[in-house]
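Down below is the structure, laid out as structure tokens.
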Amino acid sequence: MKCSKCGSTAVINLHQHHLRLCEAHFLDFYTSMVQRAIEHYSMFWPEDRLLVAVSGGKDSLALWDVLLRLEYHAEGLYINLGIDEGIGYSSTSRAMCERFVAEHHPGARLHVVDLRAEYGRGIPELARTELRGRNKPCSVCGLVKRHIMNRAARDGGFAAIATGHNLDDEAAVLFQNTLHWKAGYLARQAPVLDEQAGLARKVKPLVRCYERESAAYALLRGIDYIYDECPFSKGATTNFYKELLNDLERRSPAAKQQFYLHFLQARQSGEVRFQASAAGTEEAEVLLHICTRCGQPTAAPEVCAFCRLWERGKSA
Ligand code: Q46
Ligand code: ZN
Ligand code: ZN
């Protein structure tokens, strides 16, 4: 297999782009895909300070690496969720983030928020008090992560929070929302969510990159990342939709890319329209009040869901 650009040995076949690339050309290609997405969706500008949410996985570390190589001012935020589940998930993922900084970008700043150290409990304990043994901590975890990321971005004066969501993630969410005709979510699913009333701007610079491209990028750049998914993600419906889309992609290369990117284009041009109902947009409701404990925006009239979560746990 020869590189389509220089004829040397290719290391990856990108069916969806009709390209086979050698190591050097693939690294250039991936980097410029990210840069083009940043520019195309006007995500941020060279002078902006960015906070990258890093999990120790391939996507977020690849994203942070690309941003630093492109000379953006990008600091990392790692949230230690206290998830062990017999595989030391959180401790390993934190170690990956720290190793990434030490080995690849010694000058980069990594902020760490440790739930147990700061709040006394990790996600597994919190989920037990919340959901009484149902062992489905993801909704609690999502709430906690959103709150902490938002606070860190606002307190640190960052222009945006960048996350490592890739094209596979976005296509799976789109598929799920389309199957259920969730118009509110379809109206809002986007590579950029603007800052509004206390909610920091959120951007997803990897939306045009396939998951396997991030894995290849990390491997070729020598970035060590955690291979295990979070143990609580087993059986998640998004994984099921990802598998379906991977089957589709095998039979019809570029299907995932077309599905997602054409959706964005059709909505942008007004060819398709979705009404954002208040019920489908959690954050639209959130703008009404400020939490009396933490000062973050909330839908509740006094204390936000995050602060109530820890209060409930204390009395449990
Ligand atoms: S970290 Fe948290 Fe995810 Fe684990 S508990 Fe669920 S939400 S699966 S991205
Ligand atoms: Zn080449
Ligand atoms: Zn609060």
Side-chain angles (χ1 to χ4, degrees), residues 1-14 17 19-30 32 53-60 78-85 87-94 113 115 118-119 121-128 130-131 134-151 154-155 163-166 168-169 172-173 198-199 204 211 216 220 226 228-239 242 286 288-312:
M1 193 167 81
K2 299 258 187 257
C3 173
S4 316
K5 302 219 170 180
C6 70
S8 62
T9 306
V11 295
I12 190 163
N13 189 344
L14 305 173
H17 299 293
L19 278 177
R20 294 171 183 145
L21 296 174
C22 67
E23 179 172 336
H25 279 118
F26 172 71
L27 291 175
D28 282 353
F29 172 84
Y30 183 89
S32 64
V54 287
S55 65
K58 60 188 178 312
D59 299 290
S60 56
Y78 175 78
I79 304 174
N80 189 342
L81 302 167
I83 297 173
D84 183 277
E85 302 305 299
I87 59 164
Y89 176 72
S90 287
S91 49
T92 309
S93 57
R94 176 178 179 162
V113 175
L115 283 193
E118 286 197 25
Y119 298 94
R121 270 165 298 156
I123 290 297
E125 303 96 282
L126 256 185
R128 270 195 292 277
E130 272 301 289
L131 296 161
R134 273 200 285 147
N135 205 21
K136 274 276 164 211
C138 292
S139 60
V140 169
C141 182
L143 168 73
V144 167
K145 286 194 292 193
R146 277 197 301 277
H147 180 100
I148 290 175
M149 280 195 272
N150 200 58
R151 196 189 61 200
R154 288 177 54 201
D155 291 356
T163 58
H165 293 95
N166 57 41
D168 297 58
D169 299 322
V173 169
L199 292 170
K204 301 171 184 171
E211 196 168 304
L220 295 171
I226 182 161
D228 290 310
E229 297 286 337
C230 170
F232 295 120
S233 71
K234 281 205 188 79
T237 43
T238 323
N239 290 346
K242 276 190 181 174
V286 162
L288 303 172
H289 307 280
I290 293 295
C291 172
T292 51
R293 299 257 160 88
C294 70
Q296 291 229 53
T298 172
E302 288 183 2
V303 179
C304 76
F306 177 85
C307 291
R308 276 182 283 136
L309 187 65
W310 300 98
E311 283 302 312
R312 273 201 297 280

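Just so we're clear, the structure is a prediction, and the values are computed from it rather than from any experiment. Both ligands and their constituent atoms are indexed starting at 1 by order of listing.
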### Task
Could I get the full list of ring-ring contact (aromatic ring centres under 6.0 Å, His included) partners for F306, not counting sequence neighbours?
Y119, H147, W310
### Query
Near atom 6 (Fe) of ligand 1, which protein N/O/S atoms are found at less than 2.8 Å?
C138 SG
### Message
How long is the straight-line distance from OG of S4 back to CG of N13, given to the nearest 0.5 Å?
### Response
8.0 Å
### Summary
Nearest heavy-atom contact between S90 and G82 is OG-N, 3.3 Å
### Query
What residue and heavy atom of the protein are closest to atom 3 (Fe) of ligand 1, and at what distance?
K145 NZ, 3.8 Å
### Task
Would you mind reporting whether C6 and H25 have side-chain heavy atoms less than 4.5 Å apart?
yes
### Query
With a 4.5 Å heavy-atom cut-off, do L220 and Y30 have their side chains touching?
no
### Message
So which atom in G164 and which in D59 form the shortest heavy-atom distance, rounded to 0.1 Å?
### Response
O-CB, 3.3 Å
